[in-house]
Amino acid sequence: MMALSASVSMVAAARPCKTVRRTQLRSSHRAVLVAKTIVPVQRRSVTLRAMSGHDEEIAELEEALAAARDRKEKGLPSTKKAASNGAAGDYTGASFNIQTFNAISPVGLEKFPKGKYLVDPSVEVLGNNPMAIMLRSHKLQVAEVEPTVRCIARCGAGTNNIPVDKMTELGIPVFNTPGANANAVKELVICSLLLASRGILEGNNHVNNVINPEEGNDYTKISKRIEADKSKFGGQEILGKTLAVVGLGQIGARVVDAALALGMKVIGYDPALSLEAALMLSPDLKRVDSLSEVFEVADYLTLHVPYIPGVTHHLINEEALKKMKPNVHLMNFARGEIVDGKALMAAFQDGSKTGKYMSDFSCPDLMGHPRHVVLPHLGASTEEAEENSAAMAAETIKSFLETGSIRHSVNFPNVNLPYTKNLGVAARLCIVNKNTPGVLGSIASFLGNRNINILQQLNSSRGDVAYTVVDMQTVPEDPGKLQTDLASIDGIISSRFVSDPFMNDLGKPGTYFQVSWDEALQN
C-alpha cells in the first residue's frame, strides 16, 4: 500500500455556504482532503504489476489450488465463505453509500452487494457521506441533497418530485426506470376500459348502499333485487370499438397490444416517437399525424404523455372536447394537469359529453361528479412493478458509481462506457461541465499540457450540460491536484476518478470526487 500524507481542512457545517466555492471530497463529508503522494513512482508500479506479472499470478493461483485440494483430501473445512444474494465475499473496505427515501423494494436493494454498498435512509448512518439517492414518491428538496451526492435515481418513470433543473446545474444526473412499471399501468388502463363500459362500480355501490339496507340484509330478498335491478346498469362491449392512444412509449405500446388482443380498433398518435420505438409497434396499429383525427374517431381515449408546461398542459381542453364523440370515455393515468377539468365539467353539465373520465388524479373542478371515476394512484402499485423499478434503479446507480456510465437519465446524455483494463486503461476521469463553447478545448489542452496519454475520450451533451469521459493509460502522479487544477477552468462543474471498483486507490468508494460550487448555485 502506497504511503499518503493528507492535509485536512473542514468546511463550515451550514450548507450552502457562499464562501466555499470548491469542495474536494475524499472520504469524509464536507472535508477537503488533498492526498499527496510521497513516492509517486509506486502508484504507477501497482498498475504495471497488474498488467505484467502474469507468471507470479499463475503461481499464486496454482499454490492456492493445491492447498484447496489438500484440505479436501484431509476432510478439512473450506476457507471460502458461502455468499448469499447481495453478499460482497471477503471485502472489508470502504463502501458506496446510498441514501433512500420511501420504502424501497428489498428485491431492488439486494442488487447492492453488502459490504461494498451501505444503504440507509439516515445520513448519519452513512457517515454524513451519501453518494447516491434512491427514492420513489418523496418530494425531494434541494437542501436534502448533500454535496457528496453523485447521482439520484427515481424508482418509476416520472421525476416531477425531483428538482431536475437544479440538479442539472449542480452536475448531478437524475435517473428514472422507464418501462419497469409499464405492464402494471397497462393492466390498470385495461381495467378502466371495462369499468367505464359496464357500470361495474355503480352496480356494486347499488348493491352495498341501496339493496342491502332496503332489504334488511335478507338473502332471499337481496337475490331477487339483484336480478330485478340489473337493468339499471346496462353497458357496452369494447369489442370493435376504437381506442385512441396518445403517447406510444413503454406504456402506450403495451396498451396498444392489449387492446388489439381484445378485438378493439386502435389508432395512435406520438409526434416524438423514436425510430426504435416505432419499429416495436404492432403493424395492426393505425398511426395518425394529428390530434384532431384522434379526437374525431375515438370511442375511448387514453393518455400516456409526460406533463410539460406549455406543451401538454391542458392537452384535453374545451376545443379538443368539442371535436370528440358525445359518449367518448377518457382515461388519464399520466398526469392530472393534462386534462382541463373546468372544461370537462362544463361539458358534463351541458350534456355534450356523457362518457366517463377515468383517472387516478383528483380534480378540484370535478370533485364529486359521478362521471369522474377517481381511483387511488395505483398505476405502479404492484409487487412486480415495485421490484422491477427498484432493481433497475439500483443497477443504474451501480453502473454510474463504478464505471461512470450513464443510462436512463432525464437530464444528462446517455453514455455507455464499461470500464475495462483490457484496453490498458489505468484511470478514468469523468467530468461534468457546462455545455458552452471552448470548455472541451480547454479540457483537452489542460490534459495535454500535463502529458496525460489518453487512450479514448468521449464527450456528449444534453441541453446546458456536457459529460466528458477520459480514459488514461497511467494514473496521474497526483490525481487530487490534477482535479483541483482542472476545477479552475471556467465551466467545470465536477470531476470524478474511477478505476477498478473496490480494487485500488482510484476505485475506492468515496475517493477523488471534486465539486465546483458556483456562487450563483448556492442561493
Side-chain angles (χ1 to χ4, degrees), residues 22-26 34-35 37 40 43-44 46-48 50-51 131 150-151 168 170-173 398-407 409 411-462 464-516:
R22 294 187 178 89
T23 305
Q24 187 165 6
L25 303 163
R26 289 292 183 269
V34 183
T37 306
R43 186 184 294 276
R44 281 200 287 269
V46 172
T47 303
L48 292 174
M51 297 186 65
M131 302 169 196
R150 281 81 156 158
C151 64
T168 305
L170 298 176
I172 299 174
K398 284 175 57 184
S399 177
F400 179 71
L401 292 180
E402 295 182 15
T403 73
S405 294
I406 297 177
R407 61 175 185 259
S409 177
N411 62 336
F412 269 59
N414 286 325
V415 175
N416 186 20
L417 267 177
Y419 183 87
T420 174
K421 289 196 303 182
N422 294 337
L423 298 176
V425 178
R428 168 171 289 177
L429 179 61
C430 303
I431 305 168
V432 179
N433 57 274
K434 296 178 181 178
N435 186 23
T436 53
V439 178
L440 183 59
S442 297
I443 293 173
S445 297
F446 172 86
L447 297 175
N449 291 336
R450 283 156 181 77
N451 297 320
I452 301 294
N453 188 17
I454 298 175
L455 294 177
Q456 63 177 346
Q457 178 176 322
L458 183 148
N459 173 266
S460 188
S461 63
R462 181 172 180 175
D464 295 332
V465 71
Y467 188 62
T468 303
V469 179
V470 180
D471 284 345
M472 305 176 180
Q473 187 175 26
T474 59
V475 176
E477 292 185 2
D478 193 336
K481 186 177 186 306
L482 184 144
Q483 287 179 280
T484 301
D485 294 343
L486 177 67
S488 65
I489 297 176
D490 186 39
I492 300 296
I493 300 175
S494 68
S495 67
R496 182 167 65 100
F497 270 107
V498 297
S499 185
D500 283 354
F502 317 105
M503 296 297 292
N504 57 30
D505 192 41
L506 291 183
K508 181 180 178 181
T511 61
Y512 298 103
F513 178 55
Q514 167 100 20
V515 178
S516 299

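Everything numeric in this text was worked out from a predicted model, so none of it was measured.
Ile489 CD1 to Ser442 OG: the interatomic distance, rounded to the nearest 0.5 Å, is 5.5 Å. Atom CG of Leu440 and atom CG of Asn459 lie 4.5 Å apart (nearest 0.5 Å). For the atom pair CG of Asp485 and CG of Asn449, the computed distance is 11.5 Å after rounding to the nearest 0.5 Å. Atom OG1 in Thr436 sits 9.5 Å away from atom CG in Asp464 (nearest 0.5 Å).
Considering only heavy atoms from C-beta on, Ile492 comes within 4.5 Å of Ile431 through its side chain. Side-chain contact between Thr468 and Leu458: absent, with no pair of heavy atoms (C-beta onward) separated by less than 4.5 Å. The shortest side-chain heavy-atom distance between Leu482 and Ile452 falls under the 4.5 Å cut-off. Two residues are said to be in side-chain contact when any heavy atoms from C-beta on lie closer than 4.5 Å; Val475 and Asn504 fail this criterion. A heavy-atom distance below 4.5 Å is found between the side chains of Val469 and Val415. In this structure, the side chains of Met131 and Phe513 stay at 4.5 Å or more apart for every pair of heavy atoms. Looking at Lys434 and Ile493, their side chains come closer than 4.5 Å, going by heavy atoms from C-beta outward. A 4.5 Å side-chain heavy-atom check between Val465 and Ser461 finds every atom pair outside the cut-off.
A pairwise comparison of heavy atoms in Asn411 and Ile172 identifies ND2-O, 3.1 Å as the closest pair. Taking all atoms of both residues into account, the shortest heavy-atom contact from Ser499 to Gly507 is CB-N, 3.8 Å. What you find for Leu401 and Cys151 is that their closest heavy atoms are CD2-SG, 4.5 Å. Residues Gly491 and Val439 approach most closely at CA-CG2, 4.4 Å, considering heavy atoms. Nearest heavy-atom pair, Leu447 versus Met472, reported as atom, atom and distance to 0.1 Å: CD2-CE, 4.2 Å. The two atoms that bring Ala427 and Leu506 nearest to each other are CB-CD1, 3.4 Å, heavy atoms only.
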Verdict with supporting geometry, Gln457 and Ile443, side-chain contact (heavy atoms from CB on, under 4.5 Å): CA-CA 11 Å; Gln457 178 176 322; Ile443 293 173; 5.6 Å; no

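Between the side chain of Ser409 and the main chain of Ile406, no donor-acceptor pair closer than 3.5 Å is present. The backbone N or O of Pro413 sits nowhere less than 3.5 Å from a side-chain atom of Arg462 that would complete a donor-acceptor pair. Checking side-chain atoms of Thr511 against main-chain N and O of Lys508 turns up a donor-acceptor pair under 3.5 Å. The main-chain N or O of Met503 is never found under 3.5 Å from a side-chain atom of Asp500 such that the two would form a donor-acceptor pair. Without hydrogens or angle criteria, Arg428 side chain to Thr403 main chain gives a donor-acceptor distance under 3.5 Å.
Surrounding CG of Asn453 are more than 12 heavy atoms belonging to other residues, nucleotides or ligands, all under 6.0 Å away.
When only modelled atom types and interatomic distance are considered, Ser495 and Gln514 share no side-chain donor-acceptor pair under 3.5 Å. In the model, Asp505 has a side-chain atom that pairs as donor or acceptor with a side-chain atom of Tyr512 under 3.5 Å.
Using a 30° and 60° split on the angle between ring planes, Tyr467 and Phe400 fall in the tilted class, from 30° to 60°.
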